Amino acid sequence: MGRFLSRQRFYVTTPIYYPNDKLHIGHTYTTVAADSLARYHRLRGHDTWFLTGTDEHGLNLQRAAAQAGKEPLEYIDPIVEWIQHLWKRLHISYDDFIRTTEERHKRRVQQIFQKLYDQGDIYKGTYRGLYCVRCEAYYSEDELAEGNLCPIHQRPVEWLEEESYFFRLSKYGEPLLAHIEANPDFVRPESRRNEVISFIRQGLEDLSVSRTSFSWGIPVPFDPKHVIYVWVDALANYATALGYPDGDLYRRFWPADLHLIGKDILRFHAIIWPAILLALGEPLPRCVYGHGWLLIDGGKIGKSRAGSQVIDPLTLIDRYGVDVVRYFLVREVPFGADGTYSEESLVRRLNSDLANDLGNLVWRTTAMIERFCGGLIPDPSGAPATDLAQVAAEVRRRVEQHMDRFELNLAVAAVWDLIGRANKLVDEAAPWELNRRGEHARLGRVLYDVAEAARFAAVLLAPFLVETPERIYDQLGYDEDLRAVGWDAGLTWGRLPVGTRVRRGEPLFPRVDVESLFAGGDGAGEGSAGGQGGSAGGEASGQEPAAGAAPEITIEEFARLDLRVVRILEAEPVPGADRLLKLKVSLGSGGERQVVAGIARHYQPEDLVGRQAVLVANLKPARIRGVESQGMLLAAADDGRVVLVAPEQAVNPGSKVR
RNA sequence: GGCGGCGUAGCUCAGUGGCAGAGCAAACGGUUCAUACCCGUUGUGUCGGUGGUUCGAAUCCACCCGCCGCUACCA
């Protein structure tokens, strides 16, 4: 604790994102976390700098642009704009956004490269590896498909040698290990630190830091047929953006207090980047924090996943509001560990924490002040204090401790102890009783303290939420700019002026009806929505649907099914099974599958060929009568009849059904 | 294969030698200021399995089962 108090400054970075596709909720998670930390330190009055940006070089972007028939920047610019728009919608308060294609970055990267070369830490050598000509990329042996084939093109890779510059990473293994061992906070969380240590102990090899196989990058200053490869280019952004080596910002903010990253890029940040800095003679960042993944149904969110799996953050903001999304991200995931995203869990957080606890606290408090105190914040001085001030002080202390350890989820959770205590106090003190009995002094004290607790919660949540703290202030009728006032002054108990006229507006967070949301499939879904029990069912809202129906599932559970239209290519009976047919079906570009279907009593094999049907494409393969079945065809069962389900009009095989 | 981690209430997890915990969900009760809210009570747990150490094990040890991470040139 006090690590940053003494320094009074804070420099935090996110990774720079690769704009070959839109960002998803995982990137949003990293960035919102960094933003919360930046906002926290600004509130505390620390000299704060928050950097994010985009990594815009490399083969993948060069190729994507070429495929789109565009110049690289022509292709990249709109994506970067989209990213900046997303950050704007999330109120990401970055101080600088660096693009690696900017002159200020390129110049300094070349400077770094030159310096390392001049001092012998970069030398010319030969890079050897297994190379796929189509991919224009190297593969390591364990990445290859069966028979030494390129995993993407299924064609043989070649052993290729290429002239390349190398960074003497091997030279810095020992010094780096010493640094890590001397600084327990350098790599976090603990489990990541152990990974890094054991990796370095295996011995580090020198690192290829240039390429001649593509051109979209920063030229090596003294050998322009090479471009500087990602390591030096991208990682250096944390320093070049500040004006390394002699810019004012660099002098003011380096070394970084926190590189916040996903665990997938840990090694680059915890080994390669520090080694470069050691070589440059620059101080190392204080902490590299590899947080966990946000998972969907146990699978990693990644761009490579099917489109249906990717959650568009903008959609969520539109649907629930920016603070709900921000709150969910920092609250739901234990920082460092993996967390799970589902819309259902988001709505649960919204309903129970934001609407029921916080929103309702503000709502009932202002309602009572209106009803019992003429709408004016009452004078508390006529009765002894409640314990809320104490609880608030203690919660504040815990929030600070957690923030210093980057435990965002615990910091936020602590605020709910104050909110919970305030709700409980209302119940215990029963202001409506005090009012009825004419105990105005005590009534004033209780309502003042509860209002002040709500105000405290607003300040304590100000690092995380961007609209709600102001809305709470507004409903309390308090026109102070809480972000300008800052942490210490804002967290002074008794700041809320007596006699302020409250302004009740709308509840802070409307509850979302989980049942209807997931039954109807939100908006687009018409389905069988009309028949839902809903409110008509009274108490029985959580009851099972009518007899005979299957239990309710969520839209996400349904989304796990990969249903595809297929064309039946071949059909033949399965020997020794009188109701099974073995089918070969086409998924168009998705290839072909063999499927066993129990429809032999209902269809002649020859009648099936050429027809379309619907396949459960991600069903776990099974052996049926010794025949492999990779999926299952949908069919309607009407008494004894079995009828295949097919699209109403012919569509391309492989089309998704949903 | 090697190294590391995890497996605790329906769900998410805390607890690392001394009577099994929190939040959410559920049931019941209270209350009416409030967004069917808030407050209280209640639970079901072979603490992954087996064996061992110990007066005592979720906790320490061994083995087993299951899951996950890392094991370098992909942003």
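Every value quoted in this text rests on a predicted model; they were computed, and no experiment measured them. First the proteins, then the strands, lettered A, B, ... as listed; each starts at 1.
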Notebook entry, point to check: How would you label the contact of A/Pro431 with the nucleic acid (heavy atoms, under 4.0 Å): base, sugar-phosphate, or nothing?
Noted result: nothing
Can you tell me if the side-chain N/O atoms of A/Arg511 get under 4.0 Å from OP1 or OP2 in B/rC37? yes
Using Watson-Crick geometry (N1-N3 plus N6-O4 or O6-N4) or G-U wobble (N1-O2, O6-N3), each under 3.5 Å, B/rC60 is paired with B/rG52
For this session: Identify whether any heavy atom of A/Ile271 sits under 4.0 Å from a base atom; if not, whether one sits that close to sugar-phosphate; answer base, sugar-phosphate or nothing.
Result: nothing
Using the P atom as the point on both nucleotides, what is the distance between B/rG56 and B/rC38, in whole Å? 46 Å
- Task: Under 4.0 Å between any heavy atoms, over every strand shown, what does A/Ser191 touch: base, sugar-phosphate, or nothing? Just pick one.
- Result: nothing
Checklist entry - Are any of A/Asn60's side-chain N or O atoms less than 4.0 Å away from OP1 or OP2 of B/rC74? => result no
For the residue pair A/Arg211 and A/Tyr127, would you count it as a cation-pi contact if the rule is NZ or CZ under 6.0 angstrom from the ring centre and within 45 degrees of the ring axis?
yes
- Taking atom C1' in both B/rU59 and B/rG2, compute the distance separating them and give it to the nearest angstrom. 28 Å
Winner on side-chain proximity to A/Arg371, out of B/rC33, B/rC39, B/rC73, is B/rC33
To the nearest angstrom, the CG-C1' distance between A/Asn194 and B/rG2 comes to 15 Å
Should the pair A/Arg504 and A/Trp363 be classed as cation-pi, given the thresholds of under 6.0 Å to the six-membered ring centre and 45° from the axis?
yes
- Task: Using modelled atom types only, decide if a donor and an acceptor are shared between the side chain of A/Asn351 and the backbone of A/Arg511 within a distance under 3.5 Å.
- Result: no
Which of B/rA72, B/rC39, B/rU31 is nearest the side chain of A/Leu169? It is B/rA72
Taking B/rU35, B/rC74, B/rU32 as options, the one with an atom nearest any side-chain atom of A/Phe268 is B/rC74
* Asked: What distance, rounded to whole Å, do you find between the two C1' atoms, one in B/rU16 and one in B/rA72?
  -> 35 Å
Pairing partner of B/rA75, by Watson-Crick or G-U wobble and under 3.5 Å for both distances, is none
In whole angstroms, the gap separating P of B/rA72 from CZ of A/Phe166 amounts to 16 Å
| message | Using the C1' atom as the point on both nucleotides, what is the distance between B/rC61 and B/rG1, in whole Å? | response | 25 Å
Taking every heavy atom of A/Val399 against every heavy atom of A/Ala414, the minimum-distance pair comes out as CG2-CB, 4.1 Å
Look at the side-chain N and O atoms of A/Tyr127 and state whether any lies under 4.0 Å from the OP1 or OP2 oxygen of B/rA72. no
Taking B/rC73, B/rU32, B/rU35 as options, the one with an atom nearest any side-chain atom of A/Trp432 is B/rU32
Heavy atoms only, 4.0 Å cut-off, all strands: where does A/Arg192 land among base, sugar-phosphate and nothing? sugar-phosphate
query: Is the base of B/rA75 touched by the side chain of A/Asp55 through a donor-acceptor pair closer than 3.5 angstrom?
result: no
Base, sugar-phosphate, or nothing for A/Glu205, non-hydrogen atoms under 4.0 angstrom?
-> base
If pairing means Watson-Crick or G-U wobble with both distances under 3.5 Å, then the partner of B/rU46 is none
- Query: Counting any heavy atom closer than 4.0 Å, what does A/Gly58 reach on the DNA or RNA strands: base, sugar-phosphate only, or nothing?
  - Reply: nothing
query = Can you tell me if CD on A/Glu467 sees more than 12 non-hydrogen neighbours from other groups inside 6.0 Å?
reply = yes
The single option from A/Val450, A/Leu447, A/Leu443, A/Val502 that satisfies side chain to side chain contact (heavy atoms under 4.5 Å, CB included) with A/Met368 is A/Leu447
Ranking B/rC38, B/rU32, B/rA75 by distance to the side chain of A/Arg364, first place goes to B/rC38
Which of B/rC38, B/rU35, B/rC74 is nearest the side chain of A/Asp427? It is B/rC38
With a 6.0 Å cut-off (strictly less than), is the heavy-atom count around CD of A/Glu161, excluding the residue itself, greater than 12?
yes
Of B/rC38, B/rG69, B/rC74, the nucleotide closest to the side chain of A/Asn423 is B/rC38
In Watson-Crick or G-U wobble terms, with both distances under 3.5 Å, the base opposite B/rC6 is B/rG66
- Query: Would you say a side-chain N or O of A/Lys424 is under 4.0 Å from OP1 or OP2 of B/rG40?
  - Reply: yes
Take atom P in B/rG45 and the same atom in B/rC33, then report the distance between them in whole Å.
41 Å
Just to be sure I understand the rule, does A/Ala234 reach a base, reach only the sugar-phosphate, or reach nothing, if contact means heavy atoms closer than 4.0 Å?
nothing
TODO: Could you tell me whether A/Asp233 contacts a base, only the sugar-phosphate backbone, or nothing, with contacts defined as non-hydrogen atoms closer than 4.0 Å?
DONE: nothing
Answer for the Watson-Crick or wobble partner of B/rG23, both distances under 3.5 Å, is B/rC11
In A/Ile272, A/Leu207, A/Val209, the residue satisfying side chain to side chain contact (heavy atoms under 4.5 Å, CB included) with A/Val232 is A/Val209
Quote, to the nearest angstrom, the P distance that separates B/rG10 from B/rC47.
12 Å
**Asked** Using the C1' atom in both, what is the distance from B/rA58 to B/rA25, to the nearest Å?
**Response** 24 Å
Q.
Mind checking if A/Phe509 touches a base, just sugar-phosphate, or nothing, with heavy atoms under 4.0 Å?
A. base
Among B/rC73, B/rC24, B/rU35, the one nearest any side-chain atom of A/Arg211 is B/rC73
Problem set entry | Atom P, compared across B/rG48 and B/rC6: separation rounded to whole Å | 12 Å
Looking only at B/rC70, B/rC33, B/rU35, the nucleotide nearest the A/Glu195 side chain is B/rC70
### Query
What does A/Asp357 touch in the nucleic acid at a heavy-atom separation under 4.0 angstrom: a base, only the sugar-phosphate, or nothing?
sugar-phosphate
Using Watson-Crick geometry (N1-N3 plus N6-O4 or O6-N4) or G-U wobble (N1-O2, O6-N3), each under 3.5 Å, B/rA36 is paired with none
Query raised in the report: Looking only at atom types and distance, does a side-chain atom of A/His105 sit under 3.5 Å from a main-chain N or O of A/Thr101, one as donor and one as acceptor?
Result: no
The nucleotide from B/rU35, B/rC70, B/rC33 with an atom nearest the side chain of A/Phe372 is B/rC33
*What is the nucleic acid contact for A/Leu361, judged by heavy atoms within less than 4.0 Å: base, sugar-phosphate only, or nothing?*
nothing
Next item on the list: Indicate, with a heavy-atom threshold strictly under 4.0 Å, whether A/Trp231 touches base, sugar-phosphate, or nothing.
Entry: base
(message) By the 4.0 Å heavy-atom rule, please label A/Gly262 as base, sugar-phosphate, or nothing.
(response) nothing
